[in-house]
Amino acid sequence: MTDAAALPGQPRGGALSGPATARAVNVLAPNASAMTLDGTNTWILSEPGSDRAVVIDPGPLDEGHLRRVVATAEQAGRRIALTLLTHGHPDHAEGAARFAELTRTRVRALDPALRLGDEGLAAGDVISLGGLELRVVPTPGHTADSLCFHLPADRAVLTGDTILGRGTTVVAHPDGRLGDYLDSLRRLRSLTVDDGVHTVLPGHGPVLEDAQGAVEFYLAHRAHRLAQVETAVEDGHRGPAEVVAQVYADVDRSLWPAAELSVRAQLEYLREHGLI
């Protein structure tokens with residue numbers, strides 16, 4: 001068995017649902033799959049002693065899960081007062097409209113199509129609720145509308161699908177772009193270096209205790225994959241499916257369709273930079 005401390009980001013062991021930091025509690029959605037890992041992490045955030053809470057990513061449209069999120073907050077003596085989305089993929093956002101009905105909250109997101117209410121989210125926004133402070137960090141790349149949320153008091157960042165608790169994420173071409181994604185990873189690295197962030201609260205998988213290690217692993221992984229794709233093209237594998245079969249030969253074939261999205265993004269990046 002591999003020691004978790006030796007894995008990228010030092011994933012935390014134990015149950016995924018439950019308290020993760022002084023201000024963050026996870027309620028795991030029952031939508032486990034090869035793409036969603038153990039399921040979607042729905043985060044409840046609140047300042048200690050406050051009676052109000054923020055929820056990030058209500059998750060899929062699963063009535064039982066949405067009601068468990070509400071019940072978890074209420075059992076702690078808190079009322080959910082705001083809903084935020086890291087991005088619009090259904091495993092994170094499909095349940096948002098129903099969740100807003102249950103909690104009578106607004107839904108704030110970067111994408112106007114996902115909002116319920118007048119307020120969106122943008123770079124530099126600071127969300128304050130019941131003493132809790134969250135800072136909006138734009139992190140496009142996985143999708144164009146991807147955001148992270150910096151929780152300074154816990155030296156943590158909520159990363160949605162930009163960084164996962166296990167494995168690596170997909171650059172969901174054409175909406176996701178590799179150049180944007182690399183810039184976003186560098187932005188997150190700055191949070192670890194300049195702002196002392198050490199904990200990753202991901203959209204899927206376990207909490208990571210070494211945020212900088214996780215970001216560095218992701219950057220190195222992307223550089224390695226990009227070099228592999230470039231070599232595959234030089235060897236005559238031109239189409240995305242051909243490149244996937246060459247570069248991802250050791251990956252479960254059920255994940256090849258997702259891998260092809262990343263390969264398309266990598267090929268686009270290489271062409272834009274005149275490398276193929």
Side-chain angles (χ1 to χ4, degrees), residues 12 14-30 39-87 91-110 114-122 124-137 147-160 165 191 195-204 206-207 209 211:
R12 184 184 299 175
L16 295 181
S17 282
T21 69
R23 292 163 180 80
V25 174
N26 182 28
V27 182
L28 183 64
T40 300
N41 294 333
T42 294
W43 292 101
I44 304 172
L45 306 179
S46 57
E47 190 68 16
S50 174
D51 63 354
R52 293 189 294 167
V54 176
V55 163
I56 295 179
D57 290 351
L61 184 54
D62 181 297
E63 187 76 10
H65 170 65
L66 300 177
R67 289 187 178 274
R68 277 192 298 276
V69 176
V70 175
T72 299
E74 290 179 344
Q75 288 165 9
R78 296 186 172 100
R79 174 180 63 85
I80 296 167
L82 180 62
T83 302
L84 306 175
L85 299 177
T86 60
H87 65 297
D91 57 312
H92 293 258
E94 185 183 38
R98 174 58 180 150
F99 190 70
E101 290 178 355
L102 291 172
T103 58
R104 298 181 181 179
T105 58
R106 297 165 293 145
V107 176
R108 295 180 63 179
L110 179 62
L114 300 171
R115 300 172 189 168
L116 292 175
D118 297 331
E119 288 187 284
L121 293 170
D125 283 354
V126 177
I127 297 160
S128 299
L129 184 80
L132 183 78
E133 180 183 295
L134 281 173
R135 300 173 185 173
V136 177
V137 183
L147 298 170
C148 292
F149 297 95
H150 178 199
L151 180 57
D154 283 348
R155 297 172 64 192
V157 61
L158 295 103
T159 55
L191 283 182
D195 296 278
V197 166
H198 62 67
T199 302
V200 173
L201 305 177
H204 303 280
V207 171
E209 305 280 12

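Counting begins at 1 with the first residue of the sequence.
No donor-acceptor pair under 3.5 Å is formed between the side chain of W43 and the backbone N or O of G203. Of the possible polar contacts, one joining the T42 side chain to the D57 backbone as a donor-acceptor pair under 3.5 Å is found. Panel note: side chain R115, backbone R108; no donor-acceptor pair is recorded below 3.5 Å. At distances below 3.5 Å, at least one donor-acceptor pair connects side-chain atoms of R155 with backbone N or O atoms of G196. One N or O on the side chain of N26 and one on the backbone of L16 form a donor-acceptor pair closer than 3.5 Å.
For the atom pair CD (E133) and CG (D154), the distance works out to 12.0 Å, reported to the nearest 0.5 Å. Rounding to the nearest 0.5 Å gives a distance of 9.0 Å between CD1 of I127 and CG of L132. Atom CZ of residue R23 and atom CD of residue E47 lie 4.0 Å apart, to the nearest 0.5 angstrom. In this structure, H150 NE2 and T159 OG1 are separated by 13.0 Å, a value rounded to the nearest 0.5 Å. The CZ atom of R135 sits 14.5 Å away from the SG atom of C148 when rounded to the nearest 0.5 Å. Between the CG atom in N41 and the CG atom in D91 there is a gap of 10.5 Å [rounded to 0.5 Å].
In this structure, the side chains of R68 and P30 come closer than 4.5 Å at one or more pairs of heavy atoms. Proximity of L114 to V107: side-chain heavy atoms (C-beta onward) are nowhere separated by under 4.5 Å.
Residue A24 comes nearest to L45 through the heavy atom pair CB-CD2, 3.4 Å, listed as atom of the first residue, atom of the second, then distance. Smallest separation of non-hydrogen atoms from A93 and L85: CB-CD1, 3.8 Å. Residues G95 and L66 come closest through the heavy atom pair O-CD1, 3.7 Å. Residues L201 and T21 approach most closely at CD2-CG2, 4.1 Å, considering heavy atoms. Minimum heavy-atom separation, L116 to A100: CD1-CB, 3.7 Å. Here the shortest heavy-atom pairing between P60 and A29 reads CD-CB, 3.8 Å.
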Under 3.5 Å, sequence neighbours excluded: what are the donor-acceptor pairs made by side chains of residues 75-84?
from	atom 1	to	atom 2	distance (Å)
R78	NE	S46	OG	2.8
R78	NE	S50	O	3.0
T83	OG1	T105	OG1	3.0

Could you go step by step and tell me if L129 and L134 meet the side-chain contact (heavy atoms from CB on, under 4.5 Å) rule? CA-CA 9 Å; L129 184 80; L134 281 173; over 6 Å; no
Intermediate values then yes/no, side-chain contact (heavy atoms from CB on, under 4.5 Å), V207 and T199: CA-CA 7 Å; V207 171; T199 302; 3.6 Å; yes
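A perpendicular orientation is assigned to the rings of H204 and H92, their planes being inclined by more than 60° (bins at 30° and 60°).
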